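Have a look at the structure below, then the notes.
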Amino acid sequence: MRCRRACSDTCPTFDQGFMRLSRFFLPVLRETPKEAEIVSHQLMLRAGMIRQSSAGIYSWLPLGFRVLKKIEQIVREEQDRAGAIELLMPTLQQADLWRESGRYDAYGPEMLRFKDRHEREMLYGPTNEELITQIFRDSIKSYRDLPRNLYHIQWKFRDEVRPRFGVMRGREFLMKDAYSFDLTAEAARHSYNKMFVAYLRTFARMGLKSIPMAAETGPIGGDLSHEFIILAETGESQVYCHADLVETRAPPADVDFDGDLAPLIGQWTGRYAATDEKHDQARFEAEVPADKRVSARGIEVGHIFFFGSKYSEPMGCRVQGPDGSMIAVQMGSYGVGVSRLAGAIIEASHDASGLVWPVPVAPYEVGLINLKAADKDTDKACADIYAKLERAGVSVLYDDTDERAGAKFATMDLIGLPFQLIVGPKGLKSGEIEVKERKSGERMNLAPDAAVKRLVELVSARRVLA
RNA sequence: CUGGGUGUAGCUCAGCAGGGUCAGAGUGCCGCGCUUGGAACGCGGAGGCCGCAAGUUCGAAUCUUGCCACCCAGACCA
């Protein structure tokens, strides 16, 4: 989110990430609104991240919006790393396009349909296979322009019969969807593998343990469909896997996406992993030693699959091959539930006091607490620390309000910033301020400058995937 | 969509069975005082078309009917 270069505020991507709580918009709730059932929903409401607009439709308040943007950016960076190319398609689409693929009738009432003023039939896109296929076929005519992978991050709408779990199953949701185009099924497998690897890195960067699990393959069959499940105690579905998978590390940043990814993929697909629907207890017991059997709760955050010419054939998306023949392209699509991830991360990372953000997705990296606002010494110390952190490129939410200490602690714990810097008159007298890590609760007292230095080290170390 | 439930202050809720000082509490918000390291305390105050609409009645948050919204269980799902 923050520009990595030492650029000024004239840089359009610059987001300074500094805020005084006295000027922020953070409507926290002390009590849990009754409509929220699961913990992520409750905490998102309480921490002032979201507000429900209507069933399954939410506004993202500043704190939540920052998290959403961070998640989005990680997804983007890993898509780019894997060679996918970003574009942006509209939310509204024409019914006629969907008639080409036959899905206008096949898609149920989940698809929101309506007419514009000219009585043209429109729909709010639940997904974009048709549109991307149209875009691609209208422009690409040669096999020499393959392979390509195009993605966008856009709001979708599925009129779920029953939205629930807050942003985890909303009707309107932000999704990254990528679409690959290849000449042959074999080449498409490689495109698929790239996304597979990108997903492992994407979720790992957000501090999540994600496990790919074989999923229904649809009309094509084969083994090219996986759901990426993250483990969380409060997960919505039951999952089973080999314990080693949980410990397997995500691929490094310098993985060669043009090389043979099969061995890497094999590390993940070689061991048993299945969701409820595909679980085979007998096979599980036969393939996994008793002490390695993991039975846990999980949340689906990504889904990748290959569908060959399902859309390219009926929609006439063909390219001319080396021999001059017209060949329908082989496609795959790859989704990540961006807004859902905000909820999923919380399900995987919270405690009795509130949210516990992993640094890479934290709305701010540090919460600076002035225990006695309007006190000359604490104000000065805080202003100094605030400026130093800013210079060091650490994002800070500075609680400069005149609340009581207890209330400040409670609020800061609730919103879950990874680190807290606590500055009070007592500590300052002995030349110390307190650094607290939200997750472990560990505290240390350091001189202000040492605290800033330590904090910068801690934050930097946790920003990147180890 | 089927079944169940809930709509009263920003949030959490009481009050409805037997209509009539019932417009209430806690919390949050505003002001003052006293406080100041884990959601202090005291006093004062603002805030509600009791989901909406019809109806019954002298009188309805309370009873009747209809509608709407939201929540939960199921089927469905990034």
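Chain A is the first sequence line, chain B the second, and so forth, proteins listed ahead of strands; every chain is numbered from 1. Everything numeric in this text was worked out from a predicted model, so none of it was measured.
Applying the ring pair (Phe, Tyr, Trp, His ring centres under 6.0 Å) criterion to A/Y124, with sequence neighbours excluded, gives A/F157. Remark: A/Y386 pairs with A/F18, A/Y398 by the ring pair (Phe, Tyr, Trp, His ring centres under 6.0 Å) rule, at least two apart or across chains. In this structure A/F181 satisfies the ring pair (Phe, Tyr, Trp, His ring centres under 6.0 Å) test together with A/F136, sequence neighbours excluded. The ring pair (Phe, Tyr, Trp, His ring centres under 6.0 Å) test applied to A/H190 returns no partner, not counting sequence neighbours.
Taking atom P in both B/G24 and B/G44, one finds a spacing of 16 Å when rounded to whole Å. B/A9 sits 15 Å from B/C30 when the C1' atoms are compared, rounded to a whole Å. Straight-line distance between the P atoms of B/G45 and B/G55: roughly 39 Å, to the nearest whole Å. Between the C1' atoms of B/G19 and B/U57, the separation comes to 9 Å (whole Å). Atom name P, nucleotides B/C11 and B/C49: the rounded distance is 13 Å, in whole Å. Here, B/C1 and B/C76 have their C1' atoms 11 Å apart, quoted to the whole Å. B/G4 and B/G66 are spaced 14 Å apart, taking the P atom of each and rounding to whole Å.
Listed by first and then second residue, the ring-ring contact (aromatic ring centres under 6.0 Å, His included) pairs involving residues 72-101 of chain A are A/W98-A/Y107 (not counting sequence neighbours). Pairs passing the ring-ring contact (aromatic ring centres under 6.0 Å, His included) check and including a residue from residues 24-58 of chain A, sequence neighbours excluded, read A/F24-A/Y364, A/H41-A/Y58. Applying the side-chain hydrogen bond (donor to acceptor under 3.5 Å, both in side chains) definition to pairs two or more places apart or across chains, those involving residues 409-423 of chain A are A/D413-A/Q420, A/D413-A/K436.
B/U12: Watson-Crick or G-U partner is B/A25, with both key distances under 3.5 Å. The partner of B/C70 is B/G5, judged by Watson-Crick or G-U wobble contacts that both fall below 3.5 Å. The pairing partner recorded for B/C32 is B/G42, the criterion being a Watson-Crick or G-U wobble arrangement whose two distances lie under 3.5 angstrom. The partner of B/G55 is B/C63, by the rule that a Watson-Crick or G-U pair needs both atom distances under 3.5 Å.
Contact annotation: A/R404 side-chain N/O to B/A40 OP1/OP2 distance is under 4.0 Å. OP1 and OP2 of B/A69 both lie 4.0 Å or more from every side-chain N or O belonging to A/Q52. Using a 4.0 Å cut-off, no side-chain N or O of A/R164 falls inside it from OP1 or OP2 of B/C70.
No hydrogens or angles considered: nothing links the side chains of A/H226 and A/T269 as a donor-acceptor pair under 3.5 Å.
Using a 4.0 Å cut-off on heavy atoms, none of the residues of residues 98-108 of chain A approach RNA chain B.
Ring planes of A/Y192 and A/F196: tilted class, angle from 30 to 60°. Ring pair A/F284/A/Y240 is perpendicular by interplanar angle, where above 60° counts as perpendicular and below 30° as parallel.
If you check distances only, the side chain of A/R162 never reaches the base of B/A75 with a donor-acceptor pair under 3.5 Å.
Side-chain proximity of A/E403 to B/A78, B/A39, B/C29: nearest is B/C29.
B/A78 has its base stacked against the ring of A/F173, the centroids being under 5.5 angstrom apart at an interplanar angle below 30°.
Counting any heavy atom pair closer than 4.0 Å across all strands shown, A/G335 reaches no nucleic acid atom.
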Distances for protein N or O near nucleotides 6-11 of chain B N or O, under 3.5 Å:
| from | atom 1 | to | atom 2 | distance (Å) |
| --- | --- | --- | --- | --- |
| B/C11 | O2 | A/E31 | OE1 | 3.4 |

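The glycosidic torsion of B/A75 lies more than 90° away from 0, which places this base in the anti conformation.
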